[in-house]
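Before any comments, here is the structure.
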Amino acid sequence: MASSIRIGLLDADSDVRFGRRLVLSSSPKFEVVFESDGSVSDLEAIEQSLIDVLVIDQKLSSGPGIDFYSNLRSLVGVKQAPTAILTSSFHQSGLLVDALGQGFVDLVSLEQGASGLVDRVLQVVSGSHIRSLLDLKQLIDAQPPVIQVDLSFVRLVDELPEKIASNLRRLKSVWASVDSSKIEKYDLSSLNDAVARLPVANSTELIMTMSRSGLLDVK
Amino acid sequence: MIRWIQQRNWLPEVSLAAFVFLLLGGLDLLTQGPMAMLGSLAIAASLLFVRKLSFLAPALVLAASLVQVSFSLLPIFGSIGIPLLAFVVGAFSPKPWREVNFAVTIFGGLVFAANVGFNPTINLAIFGGVVQLDDLGRTVIFLTLSLLAISLISLMWILGQLLITRLVHIGTDFDRLVYEDKQLKLSIELAEQSKRFEIARDINETVVQKLASVITNAEGGIYAAKANPEAGFRALEKVLVSAKGAHSELRRLFDMINRGTAVSTTPPTLEDLEALAISMREKGLDVAVSNFGERFALDQSAELAIYRIIFEALQNVRQHNPRGTKATVEISWLENGLQVMIKDNGVEIERRAQLGPNGLPVPYEAKDDLDTLLEKVTGPGLTAMRERAESFGGSLEVQRVVGIGFTVSAMFPATSISTDLSTA
């Protein structure tokens, strides 16, 4: 029998946590092993709870959920931090972009309902949650352009071996393409080697970080 | 003063022209006779047309000049009116007549200078001098006086413009005080609104949070109830608590947004009309409410709409009529519907307060009857009342009753407002 998915629930509101726990606990596939309002002291406890998926609400007692996850990644390491889904009351494209850029795999709003959350957790565990490159491009293009160059990230990209660097160059040329079918067909798994070498959790975060640092701009 | 002038059409001009004519024309009549007075009359009359029919003003100045030259008059006292005309033109004439009139007043000044300089009847002997003026002397006098006339008229014209600019665009000290007071009140109001907005934002956040709790618990309950009914029950309890919390937050928001206006926990009904009448009486409007016919049960929202119509109508009566006005609210419960009539006697009270030449109140005339027939009573408040009535299939009419006041009449079909018939 496959072991259940260990879930951590973080939300400033205990009633909301109660409801989410009821939803997730109703399925034998899930086990809620950690639950908290997201205070700073939770960071170490999360590290020790062997959590598979963290469901973090944007509203935590210590501040925004995105910042909490960022602190957690700083503490335990980008690769070691559990996969996280951000939740919020309403869907906001800007928040989704920020979340993806900070390593969250997705944003689930209250409007998507409990089934939306359950489905997303299952997709994350099965690895079928990855967005297409076209989705990401449309998402980024719809936002006001933000340039936040991470110099250490840029240096690491410059130092990548030629084979991986050529993959990134191909990504850049596809990104600049006006042919949307070409962008849609792009296989994000070709970035796995780059993801493994760079301080990002997944290919989505890699693209978001490259976009923020101006590495996807056409020159 | 400036507003008094701006708000009246002819009175300021007529007053000024009359003053100039009586004073200067009188002097001319006494010193040189009727022809000189005619010249003064033309200059005084030009003051009448500074703001309106401005093209007549220069024509009259030219006519005055013609009179002086044609009849070889000595300089007339009316010429003193020319600098005054330049001042008024600078202040009140519209473009381009401001410039045209300025040029013509300069011409009038030059005519005056020429009249002094070259008039053969003028020489130093008439002032007791012994030296006869030759052509050069007369030219020098003409040039000197021309220069003085041009300077004086230009100065007055500029002063006129300066005055109007200052009064209209800068305002008086009193205007500034009023403006500052208004600005202060607006600042306070804005600060209050801003504070309210902040509180509203906080409350909104809390409500969103409470509703998030309601939704997640309801969903959790649905999921859990299948496996464990006890858990579903607990979720329901939490839903209830959160929903109540959201409701009380919304109530706070409602109270805060409606601060300053009366807030009641339940919408008012027609039973509350007596209380409304008492409250109106306290505010100075004598209101009497009467019902005719057999009452039937009303739909709650229809009853609120009818109450609102009566309330608005009474508010209108109170705002637009003098103290002592009486209003009656008559509600007729008919077999097929409901009729509401709100009558007032505001016009009658106002007429009684105005006494005619015979010491009796002013009677109404045939013109009032005609006005009543032709006049369509309109206004945003009436439109809102009419829309309320129409939203329940009803209609609303407002009519002036000659010499008495106004009557608002609303009619509702029973099928749209009665719970008995609408549920049948």
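So that the names make sense, note that chain A is the first sequence line, chain B the second, and so on, each numbered from 1.
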Checking heavy atoms, do the side chain of A/Ser27, its backbone, both or neither come under 4.5 Å from chain B?
neither
Of all heavy-atom pairs linking A/Ser89 and B/Val208, the shortest is OG-CG1, 3.4 Å
Please confirm whether the backbone N or O of B/Asn217 pairs with a side-chain atom of A/Asp15, one donor and one acceptor, at under 3.5 Å?
no
Using a cut-off of 6.0 Å, state whether more than 12 heavy atoms not belonging to B/Glu397 lie near its atom CD.
no
Apply side chain to side chain contact (heavy atoms under 4.5 Å, CB included) to the pair A/Asp11 and B/Gln209, showing each step before the final yes or no.
CA-CA 11 Å; A/Asp11 196 302; B/Gln209 192 59 39; 4.0 Å; yes
Distance-minimising heavy-atom pair for A/Leu110 and B/Ala212:
CD2-CA, 3.2 Å
How far does CG of A/Leu22 sit from CZ of B/Arg234, to the nearest 0.5 angstrom?
7.0 Å
The interface call for B/Glu237 against chain A, heavy-atom contacts under 4.5 Å, is neither
Are more than 12 heavy atoms from other residues, nucleotides or ligands located less than 6.0 Å from atom NZ of A/Lys29?
no
Are more than 12 heavy atoms, taken from residues, nucleotides or ligands other than B/Arg281, located less than 6.0 Å from that residue's CZ atom?
yes
Does any part of the side chain of B/Tyr223, heavy atoms only, come nearer than 4.5 Å to the side chain of A/Val23, both counted from C-beta?
yes
Counting only heavy atoms not in A/Glu44 (residues, nucleotides, ligands), do more than 12 fall under 6.0 Å from its CD?
no
